[in-house]
Protein chains: 2
Amino acid sequence: MAASYIGEFEQMVLLAVLQQGEEAYAIDVRKELESSAQRPVSRGALYRTLDRLEAKGYVTWQLEDGSPIPERGGHPMRKFRVTGAGVEALRASRSALLKLWRGLDAVLDES
Amino acid sequence: MAASYIGEFEQMVLLAVLQQGEEAYAIDVRKELESSAQRPVSRGALYRTLDRLEAKGYVTWQLEDGSPIPERGGHPMRKFRVTGAGVEALRASRSALLKLWRGLDAVLDES
DNA sequence: CCTCGATAGTATACAATGTATTCTTCGAAA
DNA sequence: TTTCGAAGAATACATTGTATACTATCGAGG
């Protein structure tokens, strides 16, 4: 059964995919994460998480609709896309955080 | 060694403690969470998380500075307080989320 | 007194998530 | 054809999330 819970890293990965536009390559997602979250992200961690998000129905992917362009490596690249359910999950956790942050700006704003 | 990682639930618990003012009772934290995050929180889950936050140095607590007031139960109540490190951790994850949300309002705002 | 129920917290156990390291492949450069 | 780099998969284990069951103490009834 799909848990309704969404972890912190899963959340960030989903957001990073959205940031890339309609579709995103794992590598770009990784760059986005490292830049926004200021922490290293190993490829393994990222792919594991993407797989779990797929299992929950929060992302889908398809192979680069390749033409005869030679893929840049042994495996063809995958293009990820966030599903409606994924967006829904993001809305829910954002809503909760916004409520919890309310009134704490003085404490939480980085000066 | 203290992991620098802070989970989603830990984050919400910290915020809920702050919402109660200087000091918070576990029971009130629980109510705050259930109301803001729209999900049930068992006592076990909450105390477990508070203990872990304490181990990381993100919260401290002390017993109700009791006078002869009879505690309302078998155990005296604990008053929790978020430490400076805890606030710092919250700032970091908030900062990351704000960056990742940037530009996605159209998608994420609940209409 | 002694039992019962409610309350605050603890202990235990297990599921889900987070993360790094180690393979596999396959094209391209040497 | 050998080596190297890239994209991804597999494996393994640490950390978090969460529920259920257990303790201990106070007050009310009897």
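Lettering follows sequence order; numbering is per chain, from 1.
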### Query
What distance do A:Arg78 atom CZ and A:Leu50 atom CG have between them, rounded to the nearest 0.5 Å?
7.0 Å
### Message
Rounded to whole Å, how long is the line connecting atom CD1 of A:Ile6 with atom C1' of D:dT16?
### Response
15 Å
### Query
Would B:Arg94 and A:Trp101 satisfy side chain to side chain contact (heavy atoms under 4.5 Å, CB included), going step by step from the backbone distance to the final call?
CA-CA 9 Å; B:Arg94 190 171 86 134; A:Trp101 285 344; 3.1 Å; yes
### Task
Would you kindly give the CE-to-P distance between B:Met77 and C:dA6, to the nearest whole Å?
18 Å
### Message
Taking donor-acceptor contacts at under 3.5 Å, does the side chain of B:Arg43 reach the base of C:dG9?
### Response
yes
### Query
To the nearest Å, how far apart are B:Glu54 CD and C:dG9 P?
13 Å
### Task
Take A:Lys79 and A:Asp28 through the salt bridge (Lys or Arg N to Asp or Glu O under 4.0 Å) test and state the conclusion after the steps.
CA-CA 10 Å; A:Lys79 287 188 300 194; A:Asp28 297 324; over 6 Å; no
### Atom pair distance, as rounded to whole Å: CZ in B:Arg78 and P in C:dG9
6 Å
### Task
Would you kindly give the CD1-to-C1' distance between A:Ile27 and D:dG5, to the nearest whole Å?
12 Å
### Summary
Rounded to whole Å, CD of B:Gln11 lies from C1' of D:dT15 at a distance of 16 Å
### Message
Between C1' on C:dA8 and OH on B:Tyr25, what's the gap in Å once rounded to a whole number?
### Response
12 Å
### Touch class at under 4.0 angstrom, heavy-atom based, for B:Gly7 against every strand present
sugar-phosphate
### Task
Check B:Ala37 against A:Ala96 and note the closest heavy-atom contact, atom names and distance.
CA-CB, 3.9 Å
### Task
Check the distance between C:dA8's P and B:Asp51's CG and give it to me in whole angstrom.
17 Å
### Query
Nearest of C:dT19, D:dT16, C:dT22 to any side-chain atom of A:Thr49?
C:dT19
### Query
Reckon A:Tyr47 has a side-chain N or O less than 4.0 Å from the OP1 or OP2 of D:dA9?
no
## Note on the structure
Partner of B:Tyr58 under side-chain contact (heavy atoms from CB on, under 4.5 Å), picked from B:Val82, B:Val87, B:Leu90, B:Leu53, is B:Leu53
### Message
Whether the side chain of B:Ser36 engages the backbone of A:Lys99 through a donor-acceptor N/O pair (distance < 3.5 Å, no angle test) should be reported.
### Response
no
### Task
Would you list the pairs meeting side chain to side chain donor-acceptor pair (under 3.5 Å) in which at least one residue belongs to residues 39-54 of chain B, sequence neighbours left out?
B:Glu54-B:Trp61
### Task
Kindly say if B:Arg39 contacts the phosphate of D:dT18, meaning a side-chain N or O under 4.0 Å from OP1 or OP2.
yes
### Query
Considering only heavy atoms, which members of residues 30-38 of chain A lie under 4.0 Å from some atom of DNA chain D?
none
### Query
Are OP1 or OP2 of C:dA16 and a side-chain N or O of A:Lys56 less than 4.0 angstrom apart?
no
### Query
To the side chain of A:Glu10, which of C:dG18, D:dT16, C:dG9 is closest?
C:dG18
So which protein N/O to nucleotides 13-15 of chain C N/O distances come out below 3.5 Å?
unit_1: C:dA13; atom_1: N6; unit_2: B:Arg48; atom_2: NH1; d: 3.4

### Query
Excluding sequence neighbours, so at least two apart, what forms side chain to side chain contact (heavy atoms under 4.5 Å, CB included) with B:Glu34?
B:Arg30, B:Pro40, B:Val41
Under 3.5 Å, side-chain donor or acceptor atoms of residues 10-22 of chain A against the rest of the protein: list the pairs with distances, not counting sequence neighbours.
unit_1: A:Glu10; atom_1: OE1; unit_2: A:Gly7; atom_2: N; d: 2.9
unit_1: A:Glu10; atom_1: OE1; unit_2: A:Lys56; atom_2: NZ; d: 2.9
unit_1: A:Glu10; atom_1: OE2; unit_2: A:Lys56; atom_2: NZ; d: 3.2
unit_1: A:Gln11; atom_1: NE2; unit_2: A:Ser93; atom_2: OG; d: 3.1
unit_1: A:Gln19; atom_1: NE2; unit_2: B:Leu100; atom_2: O; d: 2.5
unit_1: A:Gln19; atom_1: NE2; unit_2: B:Arg102; atom_2: O; d: 2.9
unit_1: A:Gln20; atom_1: NE2; unit_2: A:Glu32; atom_2: OE1; d: 3.4
unit_1: A:Glu22; atom_1: OE1; unit_2: A:Arg81; atom_2: NH1; d: 3.1

#### Entry: Any residue meeting salt bridge (charged side-chain N to carboxylate O under 4.0 Å, His left out) with A:Glu88, in chain and number order, not counting sequence neighbours
A:Arg91
### Summary
With the side chain defined as heavy atoms from C-beta on, B:Glu8 is closest, among C:dG9, D:dG17, C:dT22, to D:dG17
